[in-house]
Each structure stands twice: as C-alpha cells, then as structure tokens.
Visitor: 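Provided herewith is a single structure, encoded as structure tokens, for subsequent inquiry.
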Amino acid sequence: MDSITPITTPSSSAALAARYGANARPPAGPWNETIASMLTHRSVRGYLSTTLPEGTLESLIAAAQSAATSSNIQAWSVVHVADPASRKILAEIAGNQKHIEQCPLYLVWIADLARNRRICAAEGVEPLASPWTETFMVSVIDAALAAQNAVAAAESLGLSTVYIGAMRNDPERVAQLLGLPPEAFPVFGLCVGYAEPKAAGEVKPRLPQRVVVHRELYSTSGENEQRAIYDATMAEFSRRHELQTATWTQRLLNRFGNMKAMNGRERIKARLNAMGFPLK
Ligand SMILES: Cc1cc2nc3c(=O)[nH]c(=O)nc-3n(C[C@H](O)[C@H](O)[C@H](O)COP(=O)(O)O)c2cc1C
C-alpha cells in the first residue's frame, strides 16, 4: 500500500513565517489546531491512489452544508464524478490537468438556481428573482463558501485538494457531460486525496497583511514597498521550486496584461446567457 504523508502542526510563528515570509510575518495571535490547519494549506497536483476512508464524501459534504448560505436558500449542488471516462473529458477541458483523473475524489461545485426554479414551478410561483445578476452572484458565493468548508475539512483530515477553475474553460461541455439543467453552472472542480510525497509542496506565501487590510479607509499607502517585499519572498519561493517566472508582480502582469491567459473565459457572459442565466 502507498504511504500517507503525516499531518504536522507547526508552531504559530513558524506557520506565520511560512505563510508570509520572514520579512512580513505578523505577530502571532490566538492560535489553535483549526487555524494551524488553515495556515498549512497548499494546493496539491499529484495524488496517491490510496482510497479514502469510508464516509469521507459524506463528512466533507456535511462540512460544506454547514457553511453560511444566503437566506438559507442553499443555492448550490455538487456532482461527485467517479467515472474514469468522464474524468478524462473533464481533464481535457481543463487543459489536461492529470490530477483530475488521478485523485480518488473529484467534485464539481455547481451554482444551482435550477432547484429553486423547480420548487417555484411546483408551487405555482414565477421565480422573479432568478434572472438577476445578484441572484447568480448569490449562488456562486454559496457554492464557493460550501466548497471552501469542504477544503478546510479535508485538510484537517490530512487530505489535500486543488480547485479546478479550468472547468470554466468550457462550462457548457461540463454541463452536458454531467447532465446539468439550465440555470446550473459549474463554478469549479475540486480534487481531493492523499498527496504524493513529491507533490505535497510547500506553503505558498501571501501578500503582507498591510496590503490587504485597510483600517477605516481604503489606503494604498506603503503598497509598493510591501509588494516589493512580497516579490522578493515569492522570487525565493520560485527559485526553490524551479518555477520560471520569478516575482508575483510578473505573474500578475502575465495574467492581467495578456488576453491569452483568459483561456477563452472572456466569453463567459455569453456562455452564462446560453446556460439559462440572463444576468439582468
Ligand atoms: C477558484 C480557484 C480555481 C483554481 N483553479 C486551478 C486550476 O484549474 N488548476 C490548478 O492547478 N490550480 C488551480 N487553483 C489553485 C491556485 O492556483 C492556488 O490556490 C494558488 O496558486 C495559491 O496556491 P496555494 O493554494 O498552494 O496556496 C485554483 C484556485 C482557486 C481558488
């Protein structure tokens, strides 16, 4: 049987240093195992074939359903895709991300307004709130909060995950493959499993807190200096991982200054319209 990477719980200062780099580590505050588990998050793109303990899916979904949800409408669904043929197609849609075929558990998270429409139809009420952009946003937010609860739960169990936003490269094909009705949109996929030791990776540093936290008023003061600190930290991270692009700024520019990086997703509004979301 394949070996399983053990969970380690680093001290708060070591965990904060890993998350921010030594030069931007915030002071340690209250700490517990939940926060420690969150701070060791990393996306994993290689999985062991080890099957998950019985009931893992149900535990992850219970965690997902425990997330807050707008007005308790619970406007999301999730599709568990086990069929290797379907996984192969989903991996192709995602630009051949092999971990989609390899991971023991693959979930596609759906912004689901179709269920509300069915309920309204059954009860003879016109779903006047459905076609609005706000309602679509609610369903996407609900799906994302639920998925992230599942991620936190999985990681607390020593499992690893990676989101697959690349489902949105061709959401209509994903919808067709999974039998989604109109008004059901695949927001992203999620691979879950035990990390291959080689793929377990390292915590990826984040922007210094001063860049993302504003006190009373939104302020850009010090942003460039803090970004330079982060770029140095990320350049070091990239060197350790032999990644080509050195700094975070350069990666951002590659992403935001280049339409190719959108992978055709700039057409998402038209695709949403075709999938039953008028986005009024
Ligand atoms: C909504 C969403 C979609 C993502 N899509 C992909 C994806 O298609 N493929 C991939 O390898 N990683 C994907 N990621 C993972 C990000 O690249 C990763 O979270 C980011 O680089 C930070 O690294 P970390 O998660 O290891 O801290 C996605 C993350 C999010 C939140």
Side-chain angles (χ1 to χ4, degrees), residues 5 10 15-21 24 35-47 64 67 76 78 81 87 89-103 106-111 137 139-152 154-156 159-171 173-174 185-193 195-196 198-209 211-212 230-231 233-238 240-256 260-265 268:
T5 316
L16 288 164
R19 181 54 74 203
Y20 293 101
I35 300 171
S37 173
M38 287 173 166
L39 264 83
T40 54
H41 158 79
R42 68 207 75 173
S43 294
V44 165
R45 299 173 180 86
Y47 292 91
W76 61 274
V78 64
V81 186
R87 293 266 202 116
I89 295 169
L90 292 175
E92 278 165 20
I93 291 170
N96 294 316
Q97 298 195 47
K98 286 292 168 203
H99 30 279
I100 296 175
E101 292 181 74
Q102 188 189 40
C103 64
Y106 189 68
L107 302 172
V108 180
W109 298 83
I110 313 293
M137 282 178 66
S139 64
V140 172
I141 293 166
D142 269 9
L145 295 177
Q148 183 54 31
N149 256 24
V151 165
E155 291 177 341
S156 76
L159 293 164
S160 293
T161 64
V162 63
Y163 282 104
I164 305 293
M167 292 292 90
R168 297 193 306 279
N169 289 350
D170 194 345
R173 193 155 164 233
V174 174
F185 177 76
V187 182
F188 42 63
L190 184 72
C191 299
V192 183
E196 257 179 10
K198 269 194 299 198
E202 192 189 328
V203 165
K204 191 185 281 180
R206 295 292 196 259
L207 285 165
Q209 291 197 357
V211 176
V212 301
Y230 185 52
D231 274 342
T233 302
M234 283 303 287
E236 193 50 46
F237 177 89
S238 297
R240 280 199 300 277
H241 294 270
E242 295 169 6
L243 299 174
Q244 277 172 349
T245 312
T247 68
W248 176 79
T249 298
Q250 195 54 53
R251 282 171 175 264
L252 180 144
L253 298 178
N254 289 349
R255 187 76 195 247
F256 276 79
K260 258 195 178 162
M262 287 211 70
N263 276 320
R265 292 190 220 167
I268 203 80

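What you see is a predicted model, and the numbers here were worked out from it, not measured in a lab. Counting starts at 1 for both ligands and their atoms, following the listed order. In this chain, residues are counted from 1 in sequence order.
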Visitor: Could you find the nearest protein heavy atom to atom 9 (N) of ligand 1 and give me its residue, atom name and distance?
Guide: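 In this structure, atom 9 (N) of ligand 1 has Gln97 OE1, 2.8 Å as its nearest protein heavy atom.
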Visitor: Starting from atom 18 (C) of ligand 1, what is the nearest protein heavy atom, named by residue and atom, and what distance separates them?
Guide: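 Checked against all protein heavy atoms, atom 18 (C) of ligand 1 sits closest to Ser43 OG, 3.5 Å.
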Visitor: Is the shortest side-chain heavy-atom distance between Tyr163 and Val151 below 4.5 Å?
Guide: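 Yes. Closest side-chain heavy atoms under 4.5 Å.
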Visitor: Check Val162 against ligand 1 and report side chain, backbone, both or neither, counting heavy atoms closer than 4.0 Å.
Guide: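 Contact part for Val162 vs ligand 1: side chain (C-beta onward).
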Visitor: Could you check if a side-chain atom of Met38 sits within less than 4.5 angstrom of a side-chain atom of Gln148, using non-hydrogen atoms only?
Guide: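 Not touching, per the 4.5 Å side-chain cut-off.
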Visitor: Please list the nearest protein heavy atom to atom 1 (C) of ligand 1 with its residue and the distance rounded to 0.1 Å.
Guide: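 Ranking protein heavy atoms by distance from atom 1 (C) of ligand 1, first comes Phe188 CD2, 3.9 Å.
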Visitor: Just to confirm my output: which protein heavy-atom neighbour is closest to atom 16 (C) of ligand 1, and how far is it?
Guide: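 Going atom by atom, the protein heavy atom closest to atom 16 (C) of ligand 1 ends up being Arg45 NH2, 3.8 Å.
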Visitor: So, is Arg19 polar-close to ligand 1, with some N/O to N/O distance under 3.5 Å?
Guide: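 In fact, backbone or side chain, Arg19 has no N or O that close.
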Visitor: May I ask you to list the atoms of ligand 1 that are less than 4.0 angstrom from any heavy atom of Arg42?
Guide: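 Atoms satisfying the 4.0 Å criterion: 26 (O).
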Visitor: Under 3.5 Å, side chain of Arg87 to main-chain N/O of Cys103, donor-acceptor pair present?
Guide: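 Yes, because the side chain of Arg87 sits within donor-acceptor range (under 3.5 Å) of the backbone of Cys103.
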Visitor: Considering Glu202, Lys204, Arg168, Gln148, which one's heavy-atom position lies nearest to atom 23 (O) of ligand 1?
Guide: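 Ranked by closest heavy atom to atom 23 (O) of ligand 1, first place is Lys204.
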Visitor: Atom 3 (C) of ligand 1: which protein heavy atom is closest, and how many Å away?
Guide: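 Heavy-atom neighbour on the protein nearest atom 3 (C) of ligand 1: Gly165 N, 3.4 Å.
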Visitor: Note the single closest protein heavy atom to atom 29 (C) of ligand 1, along with its residue, its atom name and the distance in Å.
Guide: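 So the nearest neighbour among protein heavy atoms is Tyr163 CB, 3.6 Å.
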Visitor: Decide if atom CZ of Arg240 counts as having more than 12 heavy atoms of other residues, nucleotides or ligands within a radius under 6.0 Å.
Guide: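 Yes, CZ of Arg240 has more than 12 neighbouring heavy atoms, counting only those of other groups under 6.0 Å.
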Visitor: Non-hydrogen atoms of Arg206 versus ligand 1: any pair closer than 4.0 Å?
Guide: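 It does; at least one heavy atom falls under 4.0 Å.
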Visitor: Please list, in number order, the atoms of ligand 1 under 4.0 Å from a heavy atom of Ala166.
Guide: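 Result: 8 (O).
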Visitor: Rounded to the nearest 0.5 Å, what separation is found between the CG atom of Asn169 and the CG atom of Asn263?
Guide: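 Interatomic distance, Asn169 CG to Asn263 CG, rounded to 0.5 Å: 5.0 Å.
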Visitor: Are the side chains of Ile164 and His99 in touch, meaning some heavy atoms are under 4.5 Å apart?
Guide: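 Heavy-atom side-chain distance check passes, below 4.5 Å.
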Visitor: Does a side-chain heavy-atom distance below 4.5 Å link Val187 with Ser139?
Guide: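 Side-chain contact under 4.5 Å: no.
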Visitor: Is there side-chain contact between Pro208 and Arg206, with heavy atoms separated by less than 4.5 Å?
Guide: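 A side-chain contact under 4.5 Å is absent here.
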